[in-house]
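Worksheet: one structure, shown below.
Just follow the structure's listing: the first ligand is 1, and inside any ligand the first atom is 1. We number each residue from 1, following the sequence as shown. In this text the structure is predicted, and so the values were computed from the model without any measurement.
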Amino acid sequence: MKLATLLIHNGHDTDGATGALGTPVYQTSTFDRGPDFRPGAMSPPAERLEYDYARSGNPTRKALEDAAALLEGGAAGYAFSSGVSAIASVLGIFSSGDHIIAAEDIYGGSYRLLNTYFKRWGLDHTALGAVNPETIRATLRPETKALFIETPSNPLLKITDLRACCAAAREAGIITIVDNTFMTPLLQRPLELGADIVVHSATKFLGGHSDVLAGIAVTKTRELGKRIYAVQNSFGAVLGPWDCFLVARGLKTLKVRVEAQQATAARLVDFFLRHRNVEAVYYPGLEGHPGSEVHAAQAAGPGAVLSFKTRTTGQAQAFLGKTRLAAPAVSLGGVETIASYPVWMSHAAIPVAERDRLGISPALIRISAGLEDADDLIEDFDAALS
Ligand SMILES: *Cc1c(COP(=O)(O)O)cnc(C)c1O
């Protein structure tokens with residue numbers, strides 16, 4: 001079946017116990033183990049009852065985890081209390097003394113995890129400005145275990161060639177982890193391009209309504225899945241049943257939301273390109289955007305996130321103060337259009353000289369297109385920019 005169908009019919013579309021079409025919220029911490037103790041039932045309990053304690057498993061979470069695995073084309077999925085806890089739990093499969101190759105412009109929270117806690121615990125990493133087969137090969141060490149990348153990147157939407165990088169990693173005997181938050185499985189399926197683990201901040205497009213914090217990890221193989229499950233169960237950063245319900249509910253409309261938001265993003269790009277106060281627009285769907293061809297070969301669309309740079313810092317800050325429809329806020333992927341200001345938000349902790357080197361200017365704004373009417377957004381943005 002195609003993805004649109006799988007979003008609705010994914011093995012959890014009808015509750016086995018009641019026939020409910022809605023995903024039941026099993027708001028419980030524990031499960032009655034009485035049947036294990038009935039006469040004649042004295043065999044290892046795990047063989048008969050799937051659930052015993054909600055940290056180890058919950059039917060509402062299972063519905064979301066199975067749906068996520070199916071959508072990404074993986075063997076197993078896991079739901080966490082946030083995107084960063086999904087990423088931390090994936091990194092938890094490595095050991096002190098291991099080494100990871102990461103892209104320099106992965107999500108700031110991922111970078112912070114690697115650069116502080118995991119470094120302190122002995123998991124070393126090298127951050128690469130450009131990730132490609134040559135730089136990967138030049139960075140490999142005997143103890144390198146994984147490549148960690150994200151494409152398109154934030155906030156300049158830089159593209160990394162997933163097929164080529166995953167192949168180089170595989171050749172070197174290391175696994176590839178891809179943060180697929182910006183694309184969603186609807187537009188990009190890294191496991192099919194050679195990756196081993198996909199992670200998501202489900203807070204963004206998967207949940208889609210700016211009302212829940214959640215993370216997802218999906219593995220290509222059962223073996224990798226078991227390693228992540230062991231971390232999930234040991235560290236316990238699981239997603240609660242109500243939040244699982246919200247993300248599963250969001251998933252059902254992923255296709256219509258992402259397609260509409262992507263169409264609006266294209267309209268906005270067109271508008272920004274023509275505006276006299278805009279100096280540059282960054283969007284993987286733009287001809288001439290570095291990597292646009294690679295992106296088109298690995299993804300089904302350019303997505304709903306774009307960035308633009310005004311001619312002066314004052315114009316960018318005035319835009320944020322004057323727009324009435326875009327919320328000046330952190331995050332993306334919700335039904336509301338969001339305008340983020342990287343130098344005060346996602347990249348505030350980076351020293352100015354380093355920010356300049358990365359091209360993250362105080363005149364740069366990132367837009368996540370929402371579900372408002374594109375004409376209204378353009379009218380509002382024109383007023384705010386002018
Ligand atoms: C937001 C985000 C994260 C972190 O997810 P949280 O749900 O905020 O913990 C990770 N990666 C990317 C690309 C993100 O945008």
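Here D66 pairs with K62 under the salt bridge (charged side-chain N to carboxylate O under 4.0 Å, His left out) rule; sequence neighbours left out. Applying the side-chain contact (heavy atoms from CB on, under 4.5 Å) rule to E259 yields the partners K255; only residues at least two apart in sequence or on another chain are considered.
A donor-acceptor pair is defined here as one N or O able to donate and one able to accept, closer than 3.5 Å; such a pair exists between the side chain of R55 and the backbone of N233.
Note on ring orientation: taking the six-membered ring where Trp is involved, the planes of F381 and F271 are tilted (angle from 30° to 60°).
Under the 4.5 Å side-chain contact rule for hydrophobic residues, L147 and V294 do not share a cluster.
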Distance-only donor-acceptor pairs under 3.5 Å for side chains of residues 341-354, two or more places apart:
{"unit_1": "Y341", "atom_1": "OH", "unit_2": "Q317", "atom_2": "NE2", "d": "2.9"}
{"unit_1": "Y341", "atom_1": "OH", "unit_2": "P362", "atom_2": "O", "d": "2.5"}
{"unit_1": "E354", "atom_1": "OE1", "unit_2": "R357", "atom_2": "NE", "d": "3.2"}
{"unit_1": "E354", "atom_1": "OE2", "unit_2": "R357", "atom_2": "NH2", "d": "2.9"}

One pair per line, please: each N/O atom of ligand 1 matched with every protein N/O atom under 3.5 Å away, atom names first, then the distance to 0.1 Å.
{"unit_1": "ligand 1", "atom_1": "5 (O)", "unit_2": "S201", "atom_2": "OG", "d": "3.0"}
{"unit_1": "ligand 1", "atom_1": "7 (O)", "unit_2": "G83", "atom_2": "N", "d": "2.8"}
{"unit_1": "ligand 1", "atom_1": "7 (O)", "unit_2": "S201", "atom_2": "OG", "d": "2.8"}
{"unit_1": "ligand 1", "atom_1": "7 (O)", "unit_2": "T203", "atom_2": "OG1", "d": "2.6"}
{"unit_1": "ligand 1", "atom_1": "9 (O)", "unit_2": "G83", "atom_2": "N", "d": "3.0"}
{"unit_1": "ligand 1", "atom_1": "9 (O)", "unit_2": "V84", "atom_2": "N", "d": "2.9"}
{"unit_1": "ligand 1", "atom_1": "11 (N)", "unit_2": "D179", "atom_2": "OD2", "d": "2.7"}
{"unit_1": "ligand 1", "atom_1": "15 (O)", "unit_2": "K204", "atom_2": "NZ", "d": "2.7"}

